[in-house]
Amino acid sequence: MTAAEPDWLDLRLTVDDAARQQSLPLLDRAVAALGPEDDKPLLVIDIGAGTGNSARWFDVRLRERLPGRELTWVLFDADRASLDLAGRSLPQARTVCGPISALPDIARGLLTVDLPRTAADRAGAAAEPVRQKRPDLLLTCSALLDVLTSADLDAIVRTLDELAGIGLFLLSITGGWSLDPAHQHDALLDAAFTAHQHRVGRLGCDAPDELMALARARGAEVMSGSSPWRLQAPEDREFLARFLTERIEAAVDEDPELAETGKQWCADRLRQLDARLDVTVGHRDVLIDASRTSRR
């Protein structure tokens, strides 16, 4: 996992939350798959938790839909500084720092049922042992899959398969964007950015398809949906200025010969932010149901 700058995560919060409204049908499917067992705890692990924005969104929507369930949150990330911020924003959550390769073992340990507890321990009277139900497992993330490797995705799918879990992964880039008005260099610069996203083994826009293929190979039920950013200037001026600038910086970093082209493109686009510019950025959501009920 690659840590994102906390101020960037905060700047994109409103934009992400608007896009995640389009993810609600898949969230409802995940809730339906979890079943009606109000007395069964739910362990939710948010992968690549960053500063906690994704987990806070999921927490509100899950509690609305599962009012009787006990939710236990774990924020999982490879960056300790981000987790410290996340822990303050979601104080009821536990934070775990580590690589995604450790996820299967971490999740298994968190799901381990304690030794039998007795009613006598709680009420001071003799009673038969009462064993806690093992929690259901839900893995979540937002805007993460593109920076992961094939090995990371395998660890996620193994976790779901071996522990009969459900995973809901939102806002994964698809590699497509649309700008109105169009510019002659839109496609050229987007291709360079897409190549940049595949550096050092990262899957970039190919991640959702690979994740779904891995899950299907293990017999899980898979569904997907679309959750694009729909941005407009001048209303989204501050966000678009940073988004467009950093996207072109990445494209030029991938292909330095595009430096002058990127500079002129960016200058043209930034001028449009005071007038009108519509930008749509494609995202894909993936729901994986590896619970035993999905295989009956």
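One finds the CG atom of Leu214 at 11.0 Å from the CG atom of Leu160 (value rounded to the nearest 0.5 Å). How far CG of Leu170 is from CG of Asp16: 9.5 Å, rounded to the nearest 0.5 Å. Annotation: the span from Leu144 atom CG to Asp152 atom CG amounts to 8.0 Å, rounded to 0.5 Å.
His196 places no side-chain N or O within 3.5 Å of a backbone atom of Glu254 that could act as its donor or acceptor partner. Looking at Gln197, its side chain never comes within 3.5 Å of a backbone N or O of Cys205 through a donor-acceptor pair. Between the side chain of Asp77 and the main chain of Gly50, a donor-acceptor pair closer than 3.5 Å is present. Judged purely by atom type and a 3.5 angstrom limit, Asn53 uses its side chain to pair as donor or acceptor with the backbone of Leu9. Remark: side-chain polar atoms of Arg65 are not paired, donor with acceptor, to backbone N or O of Val60 under 3.5 angstrom. Put simply, the side chain of His283 never gets that close to the backbone of Ser172: no donor and acceptor are under 3.5 Å apart.
Put simply, the side chain of Ile248 reaches to within 4.5 Å of the side chain of Trp265, judged on heavy atoms. With contacts defined as side-chain heavy-atom distances shorter than 4.5 Å, the pair Ile173/Arg284 does not qualify. The closest side-chain heavy-atom distance from Ser224 to Met212 is below 4.5 Å. Two residues are said to be in side-chain contact when any heavy atoms from C-beta on lie closer than 4.5 Å; Ile47 and Leu139 meet this criterion. Leu189 is not listed as a side-chain neighbour of His183, based on a closest heavy-atom distance of 4.5 Å or more. Residues Leu148 and Ile156 form a side-chain contact, since some pair of their non-hydrogen atoms from C-beta on lies under 4.5 Å apart.
Residues forming a side-chain contact (heavy atoms from CB on, under 4.5 Å) with Arg242 (at least two apart in sequence, or on another chain): Glu5, Asp7, Trp8, Leu11, Glu246.
Of the charged side-chain nitrogens involved, none lies within less than 4.0 Å of a carboxylate oxygen, so that Glu70 and Lys40 do not count as a salt-bridged pair. For Arg80 and Asp84, the salt-bridge test passes: some basic side-chain N is under 4.0 Å from an acidic carboxylate O. Salt bridge Asp278/Arg230: absent, no basic N to carboxylate O contact under 4.0 Å. Salt bridge absent: Arg61 and Asp28 never bring a charged side-chain N and a carboxylate O closer than 4.0 Å. A salt bridge links Arg269 with Asp186; the closest basic N to acidic carboxylate O contact falls under 4.0 Å. For the pair Arg29 and Asp289, the salt-bridge criterion is not met [side-chain N within less than 4.0 Å of a carboxylate O].
Other residues, nucleotides and ligands contribute over 12 non-hydrogen atoms within 6.0 Å of the CZ atom of Arg199. Summarising the local packing, CD of Glu257 is surrounded by 12 or fewer heavy atoms from other residues, nucleotides or ligands at distances under 6.0 Å. Crowding of Arg158 atom CZ: a count of heavy atoms from other residues, nucleotides or ligands under 6.0 Å exceeding 12.
Between the side chains of Trp73 and Asp59, at least one donor N or O lies within less than 3.5 Å of an accepting N or O. Using modelled atom types and a 3.5 Å distance limit, the side chains of Ser54 and Ser142 yield a donor-acceptor pair. Between the side chains of Asp285 and Ser23, at least one donor-acceptor pair of N or O atoms lies under 3.5 Å. Inspection of the Asp17 and Thr14 side chains reveals no N or O donor paired with an N or O acceptor under 3.5 Å. Between Glu210 and Ser150, the side chains place a donor N or O and an acceptor N or O closer than 3.5 Å (distance only, hydrogens not considered). One side chain, Gln264 or Asp268, offers a donor N or O that lies under 3.5 Å from an acceptor on the other.
Ring centers of Trp229 and Phe243: under 6.0 Å apart, within the cut-off.
For the pair Gly175 and Thr194, the tightest heavy-atom approach, listed with the atom from each and the gap, is O-OG1, 4.0 Å. When all heavy atoms of Phe76 and Ile45 are compared, the pair lying nearest together is CB-CG2, 3.9 Å.
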### Query
Taking it one step at a time, do Arg202 and Thr149 satisfy side chain to side chain donor-acceptor pair (under 3.5 Å)?
CA-CA 5 Å; Arg202 294 178 303 186; Thr149 66; over 6 Å; no
#### Entry: side-chain contact (heavy atoms from CB on, under 4.5 Å) assessment of Leu240 paired with Gln232
CA-CA 8 Å; Leu240 278 169; Gln232 292 183 319; over 6 Å; no
